[in-house]
Each structure stands twice: as C-alpha cells, then as structure tokens.
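Just the heavy atoms: all of them, side chains too, but no hydrogens, waters or symmetry mates, feed the values below. Residue numbers start at 1 and run along the sequence shown. For ligands, and for the atoms within them, numbers begin at 1 and follow the listed sequence.
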Amino acid sequence: MAFFSKLKERLFKSSSKLDEGLDAIVQEGGDPPDPEPHPDPEPRPEPPIIPPQPDETPPPAPREAPVERPEEVPPPPSEATATPAPLEIPMDPAPEAPRAGFLGRLFGRGDARGAPRRVLDDDMLESLEDLLITADMGVDTAARVTANMAEGRMGQRLSSHEIKSILAQEIARVMEPVARPMPLYSKRPQVVLVVGVNGSGKTTTIGKLASQFKAAGKSVVIAAGDTFRAAAVEQLQVWGDRAGVPVMTAPEGSDPASLAFDAMIRAEADGADLLMIDTAGRLQNRADLMEELAKIVRVIRKKDPDAPHNTLLVLDATTGQNALSQVDIFLKLADVSGLVMTKLDGTARGGVLVALADRFGLPIHAIGVGEQIDDLAPFDPEEFAAALTGLDSE
Ligand SMILES: Nc1nc2c(ncn2[C@@H]2O[C@H](COP(=O)(O)OP(=O)(O)OP(=O)(O)O)[C@@H](O)[C@H]2O)c(=O)[nH]1
C-alpha cells in the first residue's frame with residue numbers, strides 16, 4: 001500500500017473523532033438540506049490569521065515566553081543545505097478511491113450540495129472550539145484556530161464538508177512552518193542525540209531512521225547510551241540488526257558519556273556519516289538526567305565542538321497534552337533541535353501535534369505510524385490536516 005494511503009488509514013482514530021464531532025455540530029443546530037442545490041459559499045479571501053504574518057510561512061508565535069534556543073545547528077561547512085533525502089519517502093500521489101465517511105454515509109457523498117448546513121455563529125464556534133480541545137489541540141490553539149476559521153465567515157451557512165475544509169486549511173497553516181526534514185550536513189560524523197522519556201519510542205525511531213539513512217547510502221553507527229537498562233540496550237541491538245547498522249554498547253551501569261566518546265572515535269575511524277546516540281529518559285530524577293545529558297555533550301564536544309548537530313526529541317502522541325510538558329522539560333535539559341512524534345497510528349490524540357507546532361515552533365522531522373521499520377514518514381502538513389479532520393475519508 002502506498003505510504004500516503006497507509007498514513008490516512010492509520011490516522012483514522014484521530015480523524016474519526018473530529019470527523020464525527022463536526023458532523024454532529026452541524027446536525028445539532030443545522031438547517032435541513034436545501035431543496036435546491038445552491039452554490040458553495042466561497043469564503044471571502046481574507047488575510048487572517050495565525051499570528052500576524054509577514055509572509056505565507058511565518059514561524060508560529062510561541063504562546064508563552066519565546067523559547068530561548070541557542071543558535072541553530074552549527075552552520076555546517078560548505079554544504080549547509082539540508083538534504084531531506086533520507087526522510088523523503090516516496091509517496092503515491094494517486095488518490096485512493098474515495099470512501100464514504102460518516103457524513104457521506106448519512107447524507108450522501110462529501111459534496112456540500114444538498115447537505116445540511118449550519119450558520120456559523122458564536123454558539124457554533126464554541127462547539128467547534130470544544131471539539132478541538134477534546135481532540136487534544138489544547139485550549140489556546142483551539143481558540144486561535146476557531147478564531148481564524150471565523151474570520152470573514154460569520155453568518156455563512158456551512159456544510160460539514162466545508163467546515164472540515166476550512167479547519168484543514170487552518171491546521172495546515174499552523175503546521176506548514178514546522179514541517180522540516182532533519183537537516184543533513186557534510187560534517188562527518190554528524191552526531192544525532194536522541195532524547196525523550198522512556199517508552200516514547202526512541203529506540204524504535206533510531207532503528208527506523210538508521211534504516212532510512214542506510215537506504216539513502218549513508219553509513220550509520222548507533223550508540224546505546226541508556227547503559228543503565230540492559231533491556232533498552234538489547235532492544236537497540238535488535239533494531240541495529242534490522243537496520244544493518246552497528247550498535248556500540250557498554251557494560252551495564254557504565255558511564256554513558258564514556259560510551260558516547262568511544263562511539264565518536266569509532267564513527268570517525270569508520271568514516272561514518274552519522275552517529276546516533278540513544279539516551280536515558282528517566283525524568284524521575286531530572287537533575288541526574290540533565291547532568292548525564294550535559295556530560296555526554298561535553299565529552300563529544302572534545303572531539304567535535306559543534307556536536308551534537310541535531311538533538312531529536314521523541315514524543316509519544318498517545319500522551320496527548322502531556323507531550324507539551326515534555327517539550328518544556330527537555331528544552332531545559334537539552335538543546336532540542338527537532339521533534340519526532342511517534343504512535344500517531346491508533347490514537348485519537350493527533351491534535352496535540354497542532355498544539356506543539358503552535359506553541360513551540362520546533363521543526364517536526366518525522367512521524368511514527370507503526371511498529372515496523374518502514375513506519376516512519378516525513379511530516380506533510382496538508383496530508384496530516386486532511387487526515388486529522390477526516391476530510392479525505394469522505
Ligand atoms: N504503534 C506504534 N508503536 C510504536 C511506534 N513507535 C514505537 N512504538 C512502540 O512503543 C514501544 C516503546 O518504544 P521504544 O522504542 O522501546 O521506546 P523507548 O523510548 O526507546 O523506550 P525505552 O527503551 O523504555 O527507553 C514499543 O513497543 C514500540 O514498538 C509507532 O510509531 N507506532
């Protein structure tokens with residue numbers, strides 16, 4: 001199955017929540033279907049929106065105090081250009097045969113003509129906002145998205161399909177600036193530090209990324225930096241085998257920074273393109289974890305003052321709003337440069353990705369949509385928005 005189709009299918013749980021919720025909102029306060037089809041109301045061209053925009057793809061405004069982040073990834077030498085190749089999974093542009101969604105089943109195809117309509121008023125906006133909050137978009141983001149949806153459309157009679165399109169546009173607008181593949185540099189080895197709480201999917205993501213980098217012709221070394229948990233090391237070895245990539249380990253309980261240093265030496269000696277370092281994710285003792293991460297960074301900088309070149313924070317979508325506080329915490333523990341959101345399959349909490357983009361503006365490099373090695377996709381804002389709103393299931 002083409003990846004795009006798989007993604008849509010796997011985001012079904014998120015989409016069904018919004019999809020059915022939107023249909024219900026229109027039905028609750030809606031007019032009966034028009035006896036005569038009438039033209040879709042064209043939303044007036046409005047320059048909304050999130051937030052004041054100098055151009056089409058501004059960075060989203062942080063909700064709170066702007067996140068202080070040190071300079072971007074060190075200006076890589078000559079080929080500083082990001083090469084998205086490894087995460088560029090070929091997508092099948094051919095749309096699937098349309099399926100009848102919830103609305104389609106009730107009222108016929110997703111065509112707005114003849115479908116029930118509801119006047120966009122304050123009550124409806126409130127219901128929309130509540131629905132977005134239940135889909136884990138967070139209060140602030142839900143308010144902003146609904147305000148943007150209302151811009152220039154108050155009083156219009158909209159069908160459920162039209163509302164979904166508008167919502168999808170607004171979501172895509174929030175997501176667009178953060179949809180960025182992980183930058184690759186000419187620096188060898190490019191050091192990628194992978195952080196996140198235990199169970200968020202770090203090991204799996206490292207395995208998937210290593211496999212994709214390898215398929216793109218890059219040589220990769222993995223360092224199993226969570227030395228205190230034998231099971232974590234074993235798991236990483238399994239993923240290394242799957243990806244065909246060497247995994248460096250150290251005796252249980254030994255210093256992760258010392259392993260990271262050895263891994264730097266090995267990666268340099270092997271002429272590896274990438275060194276991916278797994279780390280512990282014990283937030284129970286934050287001070288220890290912060291010191292552990294800081295020490296890893298200090299030690300690898302003895303070999304390369306610009307390392308790590310990327311610090312990926314892996315987040316589990318099923319934790320919903322908790323992902324926001326994890327970003328807050330890890331921004332204090334490490335210089336997070338980008339996010340990978342895992343487990344977007346099988347959760348109804350995909351909306352949290354919108355809240356993350358709106359609040360932090362950190363690049364979202366990829367999303368995990370399953371447990372298999374190829375279940376990691378580049379993040380595509382429009383497809384995500386369509387899948388999330390259920391627009392493409394009609
Ligand atoms: N459905 C689904 N499961 C995933 C995804 N990514 C990871 N998982 C599963 O989540 C669980 C935890 O993943 P790990 O990669 O072990 O997480 P970790 O952060 O390394 O956890 P520790 O090893 O405990 O530090 C495993 O059962 C994975 O198979 C995903 O995108 N979708």
Heavy-atom nearest neighbour in the protein, as seen from [atom], with distance rounded to 0.1 Å:
atom: atom 25 (O) of ligand 1; answer: Asn198 ND2, 2.9 Å
atom: atom 17 (O) of ligand 1; answer: Gly201 N, 3.0 Å
atom: atom 8 (N) of ligand 1; answer: Lys343 CE, 3.7 Å
atom: atom 1 (N) of ligand 1; answer: Asp345 OD2, 2.7 Å
atom: atom 15 (O) of ligand 1; answer: Thr204 OG1, 2.5 Å
atom: atom 30 (C) of ligand 1; answer: Gly370 O, 3.1 Å
atom: atom 12 (C) of ligand 1; answer: Gly199 O, 3.7 Å
atom: atom 20 (O) of ligand 1; answer: Thr203 OG1, 2.5 Å

Query raised in the report: Under a 4.5 Å cut-off applied to non-hydrogen side-chain atoms, are Val247 and Trp239 in contact?
Result: no

Report task. Indicate yes or no: at least one non-hydrogen side-chain atom of Asp304 is less than 4.5 angstrom from one of His309. Result ->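 SC-SC contact between Asp304 and His309 confirmed.
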
Query raised in the report: For ligand 1, is any non-hydrogen atom under 4.0 Å from Arg282's backbone (N, CA, C, O), its side chain (CB onward), both, or neither?
Result: neither

Smallest separation among heavy atoms of [X] and [Y], with atom names:
X: Leu289; Y: Ala280; result: CD1-O, 3.5 Å
X: Leu120; Y: Met149; result: CD2-O, 4.2 Å
X: Glu252; Y: Ala230; result: OE1-CB, 3.6 Å

Query raised in the report: For the atom pair CG (Leu259) and CE (Met264), what is the distance rounded to the nearest 0.5 Å?
Result: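 If we round to the nearest 0.5 Å, Leu259:CG and Met264:CE are 12.5 Å apart.
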
Query raised in the report: Can any side-chain N or O of Arg117 pair as donor or acceptor with the backbone N or O of Arg157 at less than 3.5 Å?
Result: yes

Report task. Report the residue from Leu344, Ile171, Leu167 that forms a side-chain contact (heavy atoms from CB on, under 4.5 Å) with Leu388. Result -> Ile171

Report task. Going by the salt bridge (Lys or Arg N to Asp or Glu O under 4.0 Å) test, name the single residue among Lys214, Lys218, Arg188 that passes it with Asp273. Result ->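 Going through Lys214, Lys218, Arg188 one by one, the salt bridge (Lys or Arg N to Asp or Glu O under 4.0 Å) with Asp273 is satisfied by Arg188 alone.
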
Report task. Nearest heavy atom to atom 24 (O) of ligand 1 wins, so pick from Gln235, Arg229, Lys202. Result -> Arg229

Query - Option whose closest heavy atom lies nearest to atom 26 (C) of ligand 1, chosen from Glu371, Gln372, Glu234 - result: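 It is Glu371 whose heavy atom sits nearest to atom 26 (C) of ligand 1.
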
Query raised in the report: Distance only, no hydrogens: is a donor on one side chain within 3.5 Å (strictly under) of an acceptor on the other, for Ser337 and Asn310?
Result: no

Requested in this report: Within a distance under 4.0 Å of any heavy atom of Val197, pick out the atoms of ligand 1 and give their elements.
Outcome: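 With Val197 as reference, the close atoms of ligand 1 come out as 19 (O).
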
Query raised in the report: Which of the numbered atoms in ligand 1 are below 4.0 angstrom from a heavy atom of Gly368?
Result: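 Taking each heavy atom of Gly368 in turn, ligand 1 has 31 (O) under 4.0 Å.
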
Query raised in the report: Is ligand 1 less than 4.0 angstrom away from at least one heavy atom of Gly281?
Result: no

Query raised in the report: Does even one non-hydrogen atom of Val369 get within less than 4.0 Å of ligand 1?
Result: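 In this structure, Val369 qualifies as a contact of ligand 1 - some heavy atom is under 4.0 Å.
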
